[in-house]
Amino acid sequence: MTGRAPSKLILLGEHSVVYGQPAIAVPLRDPGAEAAVSRTDPSSPIELDLRDFGIRWTVGLKPVAEEIPPFAELIRLATTSLAGVPDRGWTLSIRSEVPIGCGLGSGAAVSAAAFKALAAEFKVPLPPQRLSDLVHRIEKIHHGRPSGIDNTVVATARPVLFRKGRAPEFLSPPPRPLTLVIGYTGMRHKTSEVVADVAAAHAAEPERYDALFAEIGDISERGAKAFSGGAFEELGRLMDRNQTLLEEMGVSSPELERLVAAARDAGALGAKLSGAGRGGCIAALARDPDSAQRLRESLLTSGAQLAVVTEALTGGAHPCGSS
Ligand code: PMV
């Protein structure tokens with residue numbers, strides 16, 4: 001059995017979401033992660049096959065390598081919290097197209113795909129909220145104190161106006177597809193470090209930062225209406241303003257700003273960094289699929305290591321279930 005999960009993109013509101021302001025995140029059609037479970041001898045130890053890293057881990061036999069703790073937690077949660085998943089006799093293979101450390105929720109996508117595959121193979125009911133809670137527990141190992149936005153969007157595969165500590169507000173689908181171009185700087189970021197830097201800056205200048213967070217929160221609220229109403233030009237303007245505020249917050253970088261400028265010059269309705277910032281990705285909102293290709297080329301000639309044309313999954317039928 002296999003399980004698929006989408007990547008996620010924060011359209012508006014990263015960082016301020018950590019301080020209780022709303023943010024909008026959408027699941028993306030591409031890239032995504034996929035996991036497959038195959039049964040082995042019932043007495044054999046569990047094996048984890050992480051092909052993208054060239055790692056094959058026999059659980060319990062080899063020491064836990066540096067990259068493994070989230071996966072050790074994944075196996076522990078699967079075998080203790082999902083009644084019906086045995087603690088021996090299966091191999092889990094995981095593949096992911098989602099670049100790591102670039103703001104697209106790679107950790108959450110991999111975990112969600114793995115839990116979905118295991119639930120499907122061992123016939124364990126796994127409603128989206130429960131999947132989201134499990135993924136959140138692994139996100140804590142990746143990021144320390146994640147707001148919960150990644151696991152919510154990746155597990156439910158629905159666009160959301162997210163507020164920390166509140167039930168997610170799922171957004172009505174827009175009347176036409178939302179075409180996005182993701183440009184990757186090629187520089188990985190560490191979310192926990194950037195979040196810690198913002199916390200230090202907020203502690204030093206609370207009034208200035210609270211004002212930035214509040215304006216971004218307002219942008220997210222307006223963005224939610226623009227998204228569902230199909231007012232994409234307005235949504236693009238809000239993305240541009242959000243980028244300016246992220247620059248003022250100190251989480252942008254020259255590499256990100258070069259890609260943002262390239263996207264705007266090539267006709268994007270709006271463009272901003274997405275995720276923790278410093279490195280990672282920008283997101284550009286395209287007027288339509290044809291112009292998205294022009295945006296993609298412009299990003300590549302302006303130094304993007306990777307540029308992907310994709311679409312927000314808007315909550316109807318989507319290809320990210322299990323089979
Ligand atoms: O770069 P990412 O995908 O890890 O996004 C982090 C988003 C933040 O708002 C900066 C942190 C959070 O936990 O929401």
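Remember, it's a predicted structure, so these values are computed and weren't measured experimentally. Atoms within each ligand, like the ligands themselves, are counted from 1 in listed order.
The protein heavy atom nearest to atom 2 (P) of ligand 1 is T191 OG1, 3.6 Å. The closest protein non-hydrogen atom to atom 14 (O) of ligand 1 is S147 OG, 2.6 Å.
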- Check the pair F213 / H202 against ring-ring contact (aromatic ring centres under 6.0 Å, His included), numbers first and verdict last. CA-CA 10 Å; F213 298 151; H202 175 242; 5.5 Å; yes
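Taking a cut-off of under 4.0 Å to the non-hydrogen atoms of P146, the atoms of ligand 1 that pass are 13 (O). Interface of G103 with ligand 1, defined as ligand atoms under 4.0 Å from a residue heavy atom, comprises 1 (O), 2 (P), 3 (O). Distances below 4.0 Å separate heavy atoms of V17 from the following atoms of ligand 1: 9 (O), 14 (O). Proximity to I10 (heavy-atom distance under 4.0 Å) selects the following atoms of ligand 1: 7 (C). Residue contact check: H189 has heavy atoms under 4.0 Å from atoms 1 (O) of ligand 1.
Considering backbone and side-chain N/O atoms, A276 comes within less than 3.5 Å of an N/O atom of ligand 1. Among the atoms of E14, none of the N or O lies under 3.5 angstrom from an N or O of ligand 1.
In the displayed structure, R39 atom CZ is contacted under 6.0 Å by more than 12 heavy atoms of other residues, nucleotides or ligands. The neighbour count for R264 CZ, taken as heavy atoms of other residues, nucleotides or ligands under 6.0 Å away, is above 12. More than 12 heavy atoms of other shown residues, nucleotides or ligands fall within 6.0 angstrom of atom NZ in K164.
Side chain of T40 to main chain of W90: a donor-acceptor pair is present (N/O by atom type, distance under 3.5 Å, no hydrogens or angles).
Taken together through direct or relayed side-chain contacts under 4.5 Å among Ile, Leu, Val, Met, Phe, Trp and Tyr, V153 and V308 form parts of separate hydrophobic clusters. Clustering ILVMFWY residues whenever any of their side-chain heavy atoms sit less than 4.5 angstrom apart, transitively, puts V98 in a cluster other than the one holding L306.
By the criterion of a heavy-atom distance under 4.0 Å, neither the backbone nor the side chain of V194 is placed next to ligand 1.
Compare H15, Q21, K8 by their heavy atoms: the one nearest to atom 8 (C) of ligand 1 is in H15. Comparing heavy-atom distances from atom 11 (C) of ligand 1 across D150, V18, L104 singles out V18 as nearest.
Taking a cutoff of 4.0 Å between a charged side-chain nitrogen and a carboxylate oxygen, R258 and E255 do not qualify as a salt bridge.
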